[in-house]
Visitor: 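Quick one: the structure is below, questions incoming.
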Amino acid sequence: MRTSNRLLAATALVAALSLTATACGGSSDGSSSGKSDAGSGKGTTITYWASNQGTSLDHDKQVLTPELDKFTQQTGIKVKLEVIGWTDLLSRILAATTSGQGPDVLNIGNTWSASLQATGALMPWDDAAFAKIGGKDRFAPAAVAAAGAADKPPTAVPLYSSSYALFYNRKMFADAGITAPPRTWDELIADGKKLTSGEHYGIAVEGSNPAENIHNTFVLSQQHGGSWFDSSGQATFTTPENVAAVKQYVDLIAKNKIAAKGNAEYAQNQTLSDFATGKAAMMLWQSAATSIKSHGMTPDQWGAAPIPTLTANATGTAAVNSMVGGINLAVFDNSKKKDAAVKLVNFLTSTEEQKLLNGKFGLLPPVKAAQSDPAFQTPDLKTLADVLSTTAAPLPQVANESQYENLVGTAIKGLFADAAAGKDITADSVKSALNKAQQQMPAS
């Protein structure tokens, strides 16, 4: 992956932060339009780092700028916006926690919540803080569960939600005589082989993207009955269940050959373009409708179904088919404009803004009052919402979660590269790669 150096640098920063925390130690009802006392923040300027949710950084600016202008009109508080791509966001955040020179408000990937919580750099959202934005009960429980360690106040507030689904090309399925999306992994492999011919493959994966590798192998580990950490937070990467999960995923290229060898180098959403252009009939992806449309594919040409399980009608952890995806809003604890920052959080999580922003980005609103809006009743979003509420699980909410993503995700990237080079991917080679990653993990 082209961003591996940045990610490894971020890993080192988190390790350092685990030893030394460097952060310095009334709004309207959140269910309203987000309107605040227009005079209370007049003349104040706050900074906001937004993550890239749309088809480009410019697309995000086009969506967010008029909404932030609306916030300024209502409150008198100006917002300096910077949209940051995912390849840079974590390292930028970690650098800000060490320097103390961060923004007032920022988006974080929800899988980073516990790691960033451990730095002490972000404002904790206790009951009093949540009361300023309408209360914790406004948000879906699964979204709040992915906002930090269970025994501590959340480190951020849910902003956008998503889950994974199996996206499939209807025409390619029909041409191959496949009448329904697969329900089990055995069915997916069998269908994938029917769909693989010449330059066309059954599925595409982002083999060089550590985060995608983690998301998918986390799900597979859950289905195998595994866990990446024990109850004390210690890494357990080399268990038989985790080895089986990683091998199963890498075997999409290695053993089953239903994904192209070139997928081992994919890290910049090439999967989306392969899917939209018919080079791949399936992909495992989060909310994708907006991106698919930007590549020229119309809604009638594709469908979305739950990601398969090992056996049909699975229950418990064997039924997990997605991580709890999403983006959270955080406030730097050393911000000198914390009241204004909380007002921006209040505005962005108001019911009307939740409908607008999640609708523009093709995501799911974590605010329950916004979820019934017709914009979120499309077949794909209904599937994703059902997965999120019933069969999704949050990634481990432990302080070393970011290292896990970087180290294990990068190890899987290496295994994909080996598979593309024609090397045998065995349980032993997978276990060896995971063991090397575990040896680099700091003690919890």
Visitor: According to the interplanar angle, ranging from 0 to 90°, do the rings of F347 and F71 count as parallel (below 30°), tilted (30 to 60°) or perpendicular (above 60°)?
Guide: tilted

Visitor: Just by modelled atom types, is the S208 backbone N or O under 3.5 Å from a matching donor or acceptor in the N213 side chain?
Guide: no

Visitor: Could you check whether Y168 and F275 have their ring centres less than 6.0 Å apart?
Guide: no

Visitor: Output all residues satisfying side chain to side chain contact (heavy atoms under 4.5 Å, CB included) with K336, sequence neighbours left out; order by chain, then residue number.
Guide: none

Visitor: Would you call the rings of Y404 and F237 parallel, tilted or perpendicular, taking 30° and 60° as the class edges?
Guide: tilted

Visitor: Pick from D104, L68, T47: which one makes a side chain to side chain contact (heavy atoms under 4.5 Å, CB included) with K80?
Guide: T47

Visitor: With ring pair (Phe, Tyr, Trp, His ring centres under 6.0 Å) as the criterion, how do F167 and W285 come out once you've worked through the C-alpha distance, each side chain's angles and the decisive distance to 0.1 Å?
Guide: CA-CA 7 Å; F167 291 82; W285 211 259; 8.4 Å; no

Visitor: Which pairs, with at least one residue in residues 140-155 and sequence neighbours excluded, count as a side-chain hydrogen bond (donor to acceptor under 3.5 Å, both in side chains)?
Guide: none

Visitor: Between Q354 (side chain only) and L159 (backbone N and O only), is there a donor and an acceptor less than 3.5 Å apart?
Guide: yes

Visitor: Minimum heavy-atom separation for L272 to M283, with atom names?
Guide: CD2-CE, 3.5 Å

Visitor: Output all residues satisfying side-chain hydrogen bond (donor to acceptor under 3.5 Å, both in side chains) with Y160, sequence neighbours left out; order by chain, then residue number.
Guide: none

Visitor: Cut-off 3.5 Å, no hydrogens considered: what does the side-chain donor-acceptor table look like for residues 387-397, sequence neighbours left out?
Guide:
from: S389; atom 1: OG; to: A385; atom 2: O; distance (Å): 3.1
from: S389; atom 1: OG; to: D386; atom 2: O; distance (Å): 3.2
from: T390; atom 1: OG1; to: D386; atom 2: O; distance (Å): 2.5
from: T391; atom 1: OG1; to: N321; atom 2: OD1; distance (Å): 2.7
from: Q397; atom 1: OE1; to: G148; atom 2: N; distance (Å): 3.2
from: Q397; atom 1: NE2; to: L395; atom 2: O; distance (Å): 3.2

Visitor: Identify each donor-acceptor pair in which a side-chain atom of residues 123-131 lies under 3.5 Å from a protein atom, sequence neighbours left out, and give them as a table.
Guide:
from: D126; atom 1: OD1; to: A128; atom 2: N; distance (Å): 3.3
from: D126; atom 1: OD1; to: A129; atom 2: N; distance (Å): 2.8

Visitor: Are the side chain of Q270 and the backbone N or O of Q268 linked by a donor-acceptor pair below 3.5 Å?
Guide: yes

Visitor: Checking Q301 against T298 for the side-chain hydrogen bond (donor to acceptor under 3.5 Å, both in side chains) test, could you report, in this order, the C-alpha distance in whole Å, the side-chain angles of both residues, the deciding distance, and whether it holds?
Guide: CA-CA 6 Å; Q301 295 177 311; T298 58; 3.2 Å; yes

Visitor: Among residues at least two apart in sequence or on other chains, which ones pass ring pair (Phe, Tyr, Trp, His ring centres under 6.0 Å) with H224?
Guide: none

Visitor: Exactly one of T236, N242, N216 should register a side chain to side chain donor-acceptor pair (under 3.5 Å) with S221. Which one does?
Guide: N242

Visitor: Taking the six-membered ring for Trp and the single ring otherwise, decide whether the centroids of W112 and W86 are under 6.0 Å apart.
Guide: yes

Visitor: Return yes if a side-chain donor-acceptor contact under 3.5 Å exists between D230 and S232, otherwise no.
Guide: yes

